[in-house]
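One structure below.
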Amino acid sequence: MSAEGRPDIWPDALRFAAEPAPGRLALALRALRRPSRLWPILLTRLSGRRLRAAQRFIALAGAYHHLQWPAGLVPAVEPAAALAAAGIACVAPDAAGAVRIAPDGDAIVLLSTDGQQIAAGASAAIAAAFADPDLHALYGDALYRQGTSGPWLPLLRPAFDRDYLRSVDYLGPVIAFRRSSVADAAPIAGADALDLALGVADRFGSTAVRHLPRILSFGSVGGGEGRQASRLARLEAVERDLRRAGEGGTRVVVEEDGVIRLDRPLPEPRPLVSLIVPTRDRLDLLRPCIDSLRHRTDWPAKEILICDNGSRDPATLAYFRTLEAEGAARIIACPGPFDFAAINNRVATQARGSLLAFINNDVEAEAPDWLERMVREALRPEIGAVGARLIDGEGRIQHGGIVLGTGGLVTHGHRHFAGAAAGYLGALRATRSVSAVTAACLVIEGQKFARVGGFDASTFAIDFNDVDLCLRLNAIGLRTLYVGGTVLHHRESASRRPSPEAAARHRREVEALKKRWGPLLAQDPHYHPGFDPDLSTHLRLCRGWTGQEPAAPR
């Protein structure tokens with residue numbers, strides 16, 4: 001039986017592999033439901049603009065993983081003699097499932113399990129990487145399949161991220177360690193690689209664990225029959241890591257999909273959060289947004305600040321008066337041409353809360369705990385901006401974090417995938433580091449926002465102000481975090497109207513982003529270079545990428 005539609009036979013991190021992808025006929029029928037959008041796509045394709053046509057078709061019909069690995073690109077097996085010559089000793093769990101690493105022996109130990117083969121060339125690549133004395137653990141990419149004859153699934157992993165790894169075990173089972181760094185350790189059986197990698201990161205710092213974007217192993221993957229035991233082992237490993245980090249009071253929960261959620265303690269009393277919502281009329285959008293902030297947001301200490309950018313509709317003005325009479329919101333006049341960055345900056349200075357939550361007027365909350373989840377992360381000293389999973393009006397992913405260097409500049413992660421999708425390696429549901437998040441729903445401590453001067457209104461009035469803000473926060477050591485368990489709905493740009501002036505301004509802001517952040521835009525550190533950069537992220541492999549190209553650890 002095909003693996004599609006059978007999430008029970010895949011480990012938690014690979015649940016995305018069970019999500020069925022519709023065939024060409026199903027996609028065509030879906031597109032035909034909107035012929036007014038389909039005909040321009042056909043004309044674009046006939047004019048020779050194939051990439052543009054493909055991008056528009058995905059926006060119309062939806063995005064799905066197309067990641068089959070060509071059988072001809074499966075590497076040969078690395079001879080045992082090559083591993084020994086490189087000073088690498090293979091270590092596997094014993095009959096009881098435990099891993100023990102003695103202090104004496106080859107300088108590098110390579111953890112593996114039954115069913116895994118080391119790819120030809122891996123020994124030299126691993127040994128070369130460990131020439132760096134600051135490297136203590138190294139993992140690469142892999143090819144997996146169910147059984148011995150199914151299609152190969154490429155697992156192209158992200159750079160090391162402790163938050164992500166605590167949520168989803170995207171590492172194992174093959175990973176190399178410097179022996180002296182893990183000798184005599186007693187890792188938790190069933191989560192050996194995870195436990196050892198987290199321990200190395202705690203002892204030597206996160207940069208001591210790195211990813212090599214190259215296929216290092218291939219083989220069969222275990223089914224879901226040991227899923228419960230695996231989850232318990234992961235839970236124990238994460239709890240151990242939290243105790244090491246001085247966060248033993250954190251509540252650890254395994255969600256139904258296997259993603260681990262961390263509920264860090266909150267201060268008492270709860271800090272005030274200022275919810276900042278810019279608008280100009282559009283009561284049809286604004287009222288559901290405000291209702292969700294008032295009645296479907298269970299954070300006890302919040303204030304709503306509506307930035308009125310010249311509303312004139314009598315119904316909108318009456319709604320403002322009602323909100324103020326009820327003490328439900330403050331209306332702050334922000335006249336003049338619409339300038340998203342300047343408006344938010346201005347109102348942020350009038351906010352009373354120690355945390356700021358920037359919310360578009362076309363966003364609606366779903367689960368009442370959305371703000372609590374984001375605040376728990378935003379209060380961490382090392383975290384800057386925090387973003388959420390946003391679902392568009394068609395029930396598809398609108399935002400799953402922002403990926404640099406894709407779509408010609410930047411792209412929202414997993415754009416147009418199904419709203420309930422797990423995401424590649426659980427990325428849509430995990431809490432993880434990203435380069436940037438959208439300001440359509442962004443939470444940050446006020447003092448951190450002020451520390452970098454807020455949004456850059458002089459350069460990015462409308463577009464990319466959120467990307468620029470996050471990159472400036474990242475540059476001073478404040479990481480940007482995406483919280484996949486937080487879900488809201490976003491009817492993107494429903495309140496904006498296209499115009500020649502807007503197009504010209506967009507072009508200026510594109511050039512400004514390239515000028516300021518050009519080197520970073522070349523390749524997102526959280527995204528794998530083996531993916532095609534031109535379509536929705538994680539959709540298909542980059543043409544010509546074999547997984548055997550020379551690569552440096554990252």
Side-chain angles (χ1 to χ4, degrees), residues 266-334 340 343-344 346-379 386-393 398-399 419 437-446 449 483 485-495:
L266 287 165
E268 289 289 355
R270 299 289 191 258
L272 179 66
V273 179
S274 298
L275 298 148
I276 299 174
V277 185
T279 196
R280 178 186 292 168
D281 291 316
R282 293 308 302 268
L283 188 57
D284 59 319
L285 299 174
L286 181 65
R287 190 192 298 273
C289 171
I290 299 302
D291 283 350
S292 76
L293 300 183
R294 294 180 65 187
H295 308 303
R296 294 200 302 279
T297 302
D298 59 10
W299 187 258
K302 62 179 184 283
E303 64 168 357
I304 299 174
L305 307 178
I306 297 177
C307 324
D308 178 23
N309 184 227
S311 296
R312 297 181 179 180
D313 184 351
T316 302
L317 300 178
Y319 179 62
F320 288 165
R321 291 192 293 271
T322 298
L323 290 174
E324 289 190 308
E326 295 175 352
R330 281 195 285 153
I331 314 301
I332 300 176
C334 299
F340 179 89
I343 287 171
N344 278 294
R346 175 178 179 178
V347 176
T349 64
Q350 302 184 46
R352 303 187 185 111
S354 60
L355 291 107
L356 308 174
F358 298 101
I359 309 291
N360 277 17
N361 67 345
D362 52 2
V363 167
E364 297 176 42
E366 182 179 88
D369 67 346
W370 71 272
L371 186 54
E372 177 184 311
R373 287 191 177 213
M374 297 181 77
V375 168
R376 286 184 191 275
E377 306 299 341
L379 288 173
V386 177
R389 177 162 37 129
L390 301 182
I391 310 299
D392 67 18
Q398 188 276 327
H399 173 264
V437 293
T438 177
C441 180
L442 185 156
V443 176
I444 184 172
E445 285 190 286
F449 185 72
V483 182
T486 298
V487 183
L488 300 95
H489 295 271
H490 181 206
R491 288 178 276 183
E492 183 183 24
S493 301
S495 57

Before you tell me yes or no, could you show the steps for V386 and V437 under side chain to side chain contact (heavy atoms under 4.5 Å, CB included), namely the whole-Å CA-CA distance, both residues' side-chain angles and the distance that decides it to 0.1 Å?
CA-CA 7 Å; V386 177; V437 293; over 6 Å; no
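- No side-chain heavy atom of D308 sits under 4.5 Å from any side-chain heavy atom of I332.
- Listed by chain and number, the residues in a side chain to side chain contact (heavy atoms under 4.5 Å, CB included) with V487 are E366, R389, I391 (sequence neighbours excluded).
- Between E377 and V483 the shortest heavy-atom distance is CG-CG2, 3.8 Å.
- With sequence neighbours left out, the side-chain hydrogen bond (donor to acceptor under 3.5 Å, both in side chains) criterion links R373 to E255, D369.
- Annotation: side chain to side chain contact (heavy atoms under 4.5 Å, CB included) contacts of D281 (sequence neighbours excluded): S311, R312, D313, T316.
- Every residue two or more places apart in sequence or in another chain that forms a side chain to side chain contact (heavy atoms under 4.5 Å, CB included) with P288 is listed here: E364, R491.
- Within the structure, salt bridge (Lys or Arg N to Asp or Glu O under 4.0 Å) pairs that include any residue of residues 317-334 comprise R294-E326, E303-R330 (at least two apart or interchain).
- Scanning all heavy atoms of the two residues, the minimum distance from E445 to L355 falls at CG-CD2, 4.0 Å.
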Determine, stepwise, if the pair T279 / N309 fulfils side chain to side chain contact (heavy atoms under 4.5 Å, CB included).
CA-CA 6 Å; T279 196; N309 184 227; over 6 Å; no
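- Here F358 and F449 bring their ring centres to under 6.0 angstrom of each other.
- Within the 4.5 Å cutoff, the side chain of V277 has no heavy atoms near those of the N360 side chain.
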Let's go through V273 and V375 carefully: what are the C-alpha distance in whole Å and the side-chain angles of both, what is the deciding distance for side chain to side chain contact (heavy atoms under 4.5 Å, CB included) to 0.1 Å, and is it a yes or a no?
CA-CA 9 Å; V273 179; V375 168; 3.9 Å; yes
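- The shortest heavy-atom contact between C441 and L488 is SG-CD1, 3.8 Å.
- When the side chain to side chain contact (heavy atoms under 4.5 Å, CB included) test is applied to P300, the partners found at least two apart in sequence or on another chain are R270.
- When all heavy atoms of V363 and A440 are compared, the closest pair comes out as CG2-O, 3.6 Å.
- Atom-to-atom distance recorded for N344:CG and I359:CD1 is 10.0 Å, nearest 0.5 angstrom.
- Side-chain atoms of H489 do not come within 3.5 Å of backbone N or O of A365 as any donor-acceptor pair.
- Heavy atoms only, all atoms of each residue included: W299 and P271 are closest at NE1-O, 3.0 Å.
- Counting heavy atoms from C-beta on, the side chains of L275 and L371 come closer than 4.5 Å.
- With hydrogens and angles disregarded, no donor-acceptor distance shorter than 3.5 Å links the side chain of S274 to the backbone of A351.
- Atom CZ of R287 sits about 8.5 Å away from atom CG of L323, to the nearest 0.5 Å.
- With rounding to the nearest 0.5 angstrom, the SG atom of C289 is 11.5 Å from the CG atom of L283.
- Across L356 and A348, no two heavy atoms sit closer than the pair CD1-CB, 3.9 Å.
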Walk me through whether D362 and H490 qualify under side chain to side chain donor-acceptor pair (under 3.5 Å).
CA-CA 6 Å; D362 52 2; H490 181 206; 3.1 Å; yes
Are D392 and L390 close enough, and set up right, to give a side chain to side chain contact (heavy atoms under 4.5 Å, CB included), and what steps lead you there?
CA-CA 7 Å; D392 67 18; L390 301 182; over 6 Å; no
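- With values rounded to the nearest 0.5 angstrom, L442 atom CG is found 6.5 Å from M374 atom CE.
- The structure places CG of L379 at 6.5 Å from CG of L266, a figure rounded to the nearest 0.5 Å.
- To the nearest 0.5 angstrom, C334 atom SG is 11.0 Å from R280 atom CZ.
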